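Have a look at the structure below before the remarks.
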Amino acid sequence: MINIKLIEHIFKAASISRWNDYPRMANLVELDKQAHKFIIAYFIAKMEKDVDMKMIIEGGIFEFLSRVVVTDIRPDVYHEIVRQKKDEVNAWVLSKIEPMIADIEDGEFLKRFENYLNNNSYAKERLILKAASYFATRWEFNIVYQTSAFLNDIDDIKNKVEEELEDYYELIGARKIALNQKIAKIIDLSGRLRFQKRWAQTPRIPETAVLGHMLVVAILGYFYSLKIKACDKRLENNFYCALFHDLPESLTRDIISPVKYGIEGLHEIINDYEMKLINEKILPFVPENLRAEFSFILGIREGRAGEPNFVKNEFENRTYKNKKIELCSGSLSSFNENDFGAIDGKALKYCDKLAAFIEAGLSISYGVKSKELEGGFLGMYEFFEKNRTIDGVNFFEICTKLKEYFKI
């Protein structure tokens, strides 16, 4: 499904500081920027016609993995180098990434990666990703500007940032974001998840925010989907379900499981309040023609007997054929057609736990550990030892290799 070197490469983005030659009130890192970019790209793409959503996902992943390779080059310098030496830069990037991805899909993933770098196909999808990257950068710059107003070049940069906006006006979503319409509120809300730290009660290296964690789970969900040969819609839904799975935490903050489930009846109270906030602060700002599908992606459904009126559980297996939600207790292999719009919720829960396992293991391997981190790491290892596979994908094998690699 995924190898250790690729996992390390993804997590490098959590240590890459952005705008590091300017004073900042918060540490802005590449992983969070990329996560924000994916969220913005989703909404812009859904407002356009005839967009290949799988290519939005894959193109975004190709660009993300490439960006980590060239991170030491300042953006303006990098763009000038690419303008003059595009083929050489692409060949160098591929030489660095190929060993990490050569065995995925028997080499087919690598072929698509190489094709994306070396060809100009998927012009619309590339434009959407470029626009999304711009808006994520623009959101960051609004933070940087607050603490850099005294610098003599900051207004020049501000003018360049504002001028670039015109390049994306052909996209409906870009115009709506620029005019601060409803969708801009979702973009802002998701960006604020940069400031909510994972494992907030214990020191950890590298620190990761909830926003970056969401992208890691989405990428793991994507590689899981490739492994099980998911159809395009199932792959798309798995990726975006994982990408948005913690979005409501921008309203409620993370409530750890021992608290949520430690008091009888508290989980139901939290669920009701979370649904109230989602209905007031998220769904009204999602385009109306996307609202039902987005609710399905979030895991919102009508409650059954003994449940509240509406329940959010993103980690349930479910389908969405003819816009009707059906829960599935077993494997979704018989629903692997685009019409079913399936989501592998149970597998995405494994991906969520695997991401937390990696977060804890990386920090422990760097020598920054606590009882909470060690307990969480071993607890998740025991979970995967008891629940090794799902749909034939062996998560325990990944955990065992990681445990050996971390020397824990």
Side-chain angles (χ1 to χ4, degrees), residues 1-13 16 30-31 33-35 37-38 41-42 44-45 50-134 136 215-216 218-236 238-240 242-243 351 393 398:
M1 177 176 140
I2 190 170
N3 62 52
I4 293 170
K5 291 297 183 184
L6 184 54
I7 288 170
E8 274 199 319
H9 187 74
I10 291 166
F11 271 90
K12 277 183 184 177
I16 299 170
E30 188 66 35
L31 182 61
K33 188 265 172 138
Q34 293 290 332
K37 170 185 170 180
F38 272 100
Y42 170 82
I44 294 177
D50 302 321
V51 175
D52 186 333
M53 293 304 295
K54 183 178 179 182
M55 183 46 60
I56 291 289
I57 294 168
E58 288 201 336
I61 291 173
F62 298 153
E63 291 176 6
F64 170 38
L65 297 179
S66 301
R67 181 64 188 139
V68 174
V69 173
V70 300
T71 185
D72 289 334
I73 307 174
R74 219 175 79 162
D76 56 339
V77 178
Y78 172 70
H79 293 316
E80 180 61 23
I81 293 171
V82 169
R83 190 179 69 80
Q84 297 188 38
K85 298 281 187 180
K86 180 182 177 181
D87 292 342
E88 291 87 345
V89 170
N90 287 343
W92 178 66
V93 168
L94 278 169
S95 71
K96 297 293 183 182
I97 295 178
E98 182 176 357
M100 308 175 199
I101 64 174
D103 58 343
I104 296 174
E105 277 191 298
D106 296 323
E108 291 302 312
F109 179 75
L110 174 60
K111 288 179 183 176
R112 294 199 299 276
F113 196 137
E114 186 172 5
N115 182 63
Y116 186 83
L117 289 185
N118 295 327
N119 295 289
N120 293 319
S121 53
Y122 299 102
K124 191 167 193 176
E125 289 76 12
R126 289 175 188 269
L127 180 64
I128 290 169
L129 288 168
K130 191 176 178 184
S133 181
Y134 163 75
L215 177 57
V216 170
I219 291 174
L220 292 173
Y222 163 81
F223 285 116
Y224 169 83
S225 299
L226 290 185
K227 184 70 175 176
I228 62 170
K229 295 180 169 55
C231 65
D232 287 355
K233 191 63 179 177
R234 187 177 173 190
L235 181 148
E236 174 194 331
N238 282 345
F239 182 86
Y240 288 116
L243 184 65
C351 292
V393 179
I398 300 171

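Computed from a predicted model, the values in this text were never measured in an experiment.
Between F62 atom CZ and L110 atom CG the span is 9.0 Å, to the nearest 0.5 Å. Note that CD of E58 and CG of N115 are 10.5 Å apart. Values are rounded to the nearest 0.5 Å. Once rounded to the nearest 0.5 Å, the distance linking CG of L127 with CD of E125 reads 9.5 Å. Taking CG from D103 and CE from M1, the interatomic distance works out to 12.5 Å, rounded to the nearest 0.5 Å. To the nearest 0.5 Å, the span separating CD1 on I57 from CG on L235 amounts to 5.5 Å. The distance from the OG atom of S225 to the NZ atom of K233 is 13.0 Å, given to the nearest 0.5 Å.
Residues Y222 and N238 are not in side-chain contact: their nearest non-hydrogen atoms beyond the backbone lie 4.5 Å or more apart. Counting heavy atoms from C-beta outward, I97 and L6 have side chains that stay 4.5 Å or more apart. Taking 4.5 Å as the limit, some side-chain heavy atom of S66 sits within range of a side-chain heavy atom of F113. The shortest distance between side-chain heavy atoms of D232 and D52 does not fall below 4.5 Å. Using a 4.5 Å heavy-atom cutoff, the side chains of Y224 and I228 are in contact. Residues L215 and I219 form a side-chain contact, since some pair of their non-hydrogen atoms from C-beta on lies under 4.5 Å apart. With a 4.5 Å cut-off on side-chain heavy atoms, S133 and K33 count as touching. The shortest distance between side-chain heavy atoms of Q34 and V68 does not fall below 4.5 Å.
The nearest pair of heavy atoms linking A41 to A132 is N-CB, 3.5 Å. When all heavy atoms are compared, the tightest approach of A45 to I128 is CA-CD1, 3.9 Å. Minimum heavy-atom separation, A218 to A242: CA-CB, 3.4 Å. When all heavy atoms of M100 and N3 are compared, the closest pair comes out as O-ND2, 2.6 Å.
Atom NZ of K130 has 12 or fewer heavy atoms from other residues, nucleotides or ligands within 6.0 Å. The environment of K86 atom NZ is dense: over 12 non-hydrogen atoms of other residues, nucleotides or ligands sit within 6.0 angstrom. Heavy atoms of other residues, nucleotides or ligands lying less than 6.0 angstrom from CG of D106 number 12 at most.
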Could you check I10 against I2 for side chain to side chain contact (heavy atoms under 4.5 Å, CB included), going step by step and ending with a plain yes or no? CA-CA 11 Å; I10 291 166; I2 190 170; 4.1 Å; yes

Given side chain to side chain contact (heavy atoms under 4.5 Å, CB included), test V216 with L31 step by step and report yes or no. CA-CA 9 Å; V216 170; L31 182 61; 4.1 Å; yes

Under the side chain to side chain contact (heavy atoms under 4.5 Å, CB included) rule, what do L129 and I56 come out as? Steps first, then yes or no, please. CA-CA 7 Å; L129 288 168; I56 291 289; 4.3 Å; yes

Criterion side chain to side chain contact (heavy atoms under 4.5 Å, CB included) on F223 and I104, from CA distance to verdict: CA-CA 8 Å; F223 285 116; I104 296 174; 3.6 Å; yes

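Aromatic ring centres of F239 and F38 lie closer together than 6.0 Å. The ring of Y116 has its center no closer than 6.0 angstrom to the ring center of Y122.
For Y42, the ring pair (Phe, Tyr, Trp, His ring centres under 6.0 Å) partners two or more places apart in sequence, or in a different chain, are Y240, F244.
The residues R83 and E80 are annotated as salt-bridged, a charged nitrogen and a carboxylate oxygen being separated by less than 4.0 angstrom.
Each of K227, K111, R112 was checked for a salt bridge (Lys or Arg N to Asp or Glu O under 4.0 Å) with E105, and the lone residue meeting it is R112.
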